[in-house]
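Working notes for the structure below.
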Amino acid sequence: MSLIFACQDVPPAPWIAALGKALPEAEIHVWPDHGKVEEVEFALIWGPYAREMKRFPNLKAMMSLGAGVDHILEQVDRPMHVPVVRLIDPGLKTGMVEYVLYNVLRYHRRMPDFEQQQKKALWIERSQATPSERRIGILGLGEIGLACAEALNRLGFDLIGWSRTKKEILDVGCFYGDETLKPFLSQSSILICLLPLTPETEGILNKATLAAMPAGSYLINVGRGGHLVEGDLLDALNSGHIAAATLDVFREEPLPKDHPFWRHPNVTVTPHIAALTLPQTAAPVIADIIERVRAGRKVPGMIDPAVGY
Ligand code: NDP
Ligand code: OXD
């Protein structure tokens, strides 16, 4: 059995080492090397390589190197009969929880105000809210949204979440379906986007939905750049309706040097690092997926092409 590692801008050496340990019997090739085409059964993909996988007649699964699979599904000329699997990786989840907690606490404790004050040597006390007085909305209550909700709950925040299907989660006010989106947003004083990018969620953070949020609220987008209509956010920031935004993902990555987000005083930009997929935690997950696919067992993270995630 051989596995192709086709991942853009990801140094392969640590992956070869970790995958070699988790899958001692596998032959691992780094794209464009692929050995004998008929021996390739699995592909690990990050970037625009799904269409290239048509050349492998015995391919059994295309695995994303991350939680998102938009980079695979957008390639409609990929081998459509081959299942697509996302990673449900404990290390990735921990990284996302850390990033979300850090940024929620930064806004909750008004750190951007103090950062601005320090620039002018201003000693000004500001009002403080308790976590229970702060209602936080999470768009997407999947693997990562739920892990963030649990962590924020432990700090005592007042939580609401929005998903496609109905949910009941202890201490989280659950909304589902398109018709509840605006009521959900109208209560989210910090909004965290943890949706997958699909035709239904593309551009979901736009003029109308940002306007539905309370005046002076905050946005943290860690889903995908395609969720956000960038000009609409700039307008909402410039009018003061949205107080500040932390953006980890962008329509164009790397974010172009002349993009206004880089220099906007109320925008924090990070270069798609909310969580990196780490070889040491992901390799055992990948080995488990391969074992399950080969045994014909249920595979966690199997994508339903009909819903797009
Ligand atoms: P999951 O598939 O586990 O969860 C997705 C959630 O979004 C589910 O709750 C789902 O609802 C909800 N959802 C999907 N479509 C809709 C819709 N049309 N309307 C309402 N809710 C919807 O994904 P993960 O939690 O693992 O990951 C989420 C995303 O986070 C990834 O797709 C990726 O884009 C992003 N990500 C970003 C990273 C970064 O470094 N910036 C790192 C890792 C992930 P339901 O539960 O009803 O199915
Ligand atoms: C992911 C990501 O989807 O890092 O895992 O964006």
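Both counts, for ligands and for their atoms, begin at 1 and track the order of listing. Residue indices begin at 1 and follow the sequence shown.
- In this structure, H259 has its ring center at least 6.0 angstrom away from the ring center of F250.
- Under a cut-off of 6.0 angstrom, the local environment of OH in Y102 is sparse, with at most 12 non-hydrogen atoms contributed by other residues, nucleotides or ligands.
- Here the protein heavy atom with the shortest distance to atom 41 (N) of ligand 1 is D248 OD2, 2.9 Å.
- At under 3.5 Å, not a single nitrogen or oxygen of L194, backbone or side chain, sits near a nitrogen or oxygen of ligand 1.
- Looking only at side-chain heavy atoms (C-beta outward), S163 and L139 stay at 4.5 Å or farther from each other.
- Taking only nitrogen or oxygen atoms, main chain and side chain alike, E143 reaches within less than 3.5 Å of ligand 1.
- Residue-ligand proximity, L141 to ligand 1, at heavy-atom distances under 4.0 Å covers atoms 6 (C), 8 (C), 9 (O).
- The distance from ligand 1 to the heavy atoms of V249 drops below 4.0 Å at these ligand atoms: 41 (N).
- Contact between G223 and ligand 1 is present, with at least one heavy atom of the residue lying under 4.0 Å from the ligand.
- R106 places a side-chain heavy atom less than 4.5 Å from the side chain of P112.
- Of the protein's non-hydrogen atoms, R164 N, 2.9 Å is the one closest to atom 21 (N) of ligand 1.
- Residue, atom and distance of the protein heavy atom nearest to atom 38 (C) of ligand 1 are M96 CE, 3.4 Å.
- Q75 pairs in a side-chain contact (heavy atoms from CB on, under 4.5 Å) with only one of the listed residues (D77, I72, L73), which is D77.
- Within a 6.0 Å sphere centred on CZ of F261, heavy atoms belonging to other residues, nucleotides or ligands number more than 12.
- Residue contacts with ligand 1 include L195, since one of its heavy atoms falls under 4.0 Å from the ligand.
- With a heavy-atom cut-off of 4.0 Å, L92 touches ligand 2 through its side chain alone.
- Counting protein heavy atoms only, atom 48 (O) of ligand 1 is closest to Y309 OH, 2.4 Å.
- Of all protein heavy atoms, the one closest to atom 33 (C) of ligand 1 is R224 NH1, 3.6 Å.
- Here's the thing with T201: none of its N/O atoms is less than 3.5 angstrom from an N/O atom of ligand 1.
- Residues V85 and I303 fail the side-chain proximity criterion, which asks for heavy atoms closer than 4.5 Å.
- Below 3.5 Å of separation, one finds no N or O of E200 facing any N or O of ligand 1.
- Between the side chain of D288 and the backbone N or O of E291, no donor-acceptor pair lies under 3.5 Å.
- When hydrogens are left out, the protein atom nearest atom 1 (P) of ligand 1 is R86 NH1, 3.7 Å; that is the closest non-hydrogen contact.
- Between the T209 side chain and the I204 main chain, a donor and an acceptor come within less than 3.5 Å of each other.
- Distance alone, capped at 3.5 Å, is enough to place a donor-acceptor pair between the R251 side chain and the L228 backbone.
- The closest approach between any non-hydrogen atom of R224 and ligand 2 is below 4.0 Å.
- E133 contributes a side-chain N or O that, together with a main-chain N or O of T130, makes up a donor-acceptor pair within less than 3.5 Å.
- Close contacts between ligand 2 and G66 involve ligand atoms 1 (C), 5 (O) [criterion: under 4.0 Å to a heavy atom].
- Around atom 4 (O) of ligand 2, the closest heavy atom drawn from M96, H71, H272 belongs to H272.
- The atoms of ligand 2 that sit less than 4.0 Å from any heavy atom of A67 are 1 (C), 3 (O), 5 (O).
- For D70, no heavy-atom contact with ligand 1 is shorter than 4.0 Å.
- Interface of A67 with ligand 1, defined as ligand atoms under 4.0 Å from a residue heavy atom, comprises 26 (O), 43 (C), 44 (C).
- Residue-ligand proximity, K167 to ligand 1, at heavy-atom distances under 4.0 Å covers atoms 45 (P), 46 (O), 47 (O).
- Taking every heavy atom of H272 and a limit of under 4.0 angstrom, the matching atoms of ligand 1 come to 39 (C), 40 (O), 41 (N).
- At the shortest separation from atom 36 (N) of ligand 1 among protein heavy atoms lies V222 O, 3.7 Å.
- Judged purely by atom type and a 3.5 angstrom limit, Y107 uses its side chain to pair as donor or acceptor with the backbone of T246.
- Salt-bridge annotation for E41 and R294: present, with a side-chain N of the basic residue lying under 4.0 Å from a carboxylate O of the acidic one.
- Side-chain contact of D235 with H241: a donor-acceptor pair under 3.5 Å is absent, judged by distance alone.
- Of all protein heavy atoms, the one lying nearest to atom 19 (N) of ligand 1 is W162 CH2, 3.3 Å.
- An N or O contact shorter than 3.5 Å links A275 to ligand 1 by distance.
- No hydrogens or angles considered: a donor-acceptor pair under 3.5 Å links the side chains of D248 and T270.
- Side-chain N or O atoms of T198 include one that pairs as donor or acceptor with a backbone N or O of T201 at under 3.5 Å.
- By the criterion of a heavy-atom distance under 4.0 Å, the backbone of A275, and not its side chain, is placed next to ligand 2.
- Inter-residue side-chain proximity for T281 and L278 is flagged as met; some heavy-atom pair is nearer than 4.5 Å.
- Between C193, G142, P196, it is P196 that holds the heavy atom closest to atom 7 (O) of ligand 1.
- The shell of residues lying under 4.0 angstrom from ligand 1, judged by heavy atoms, excludes K166.
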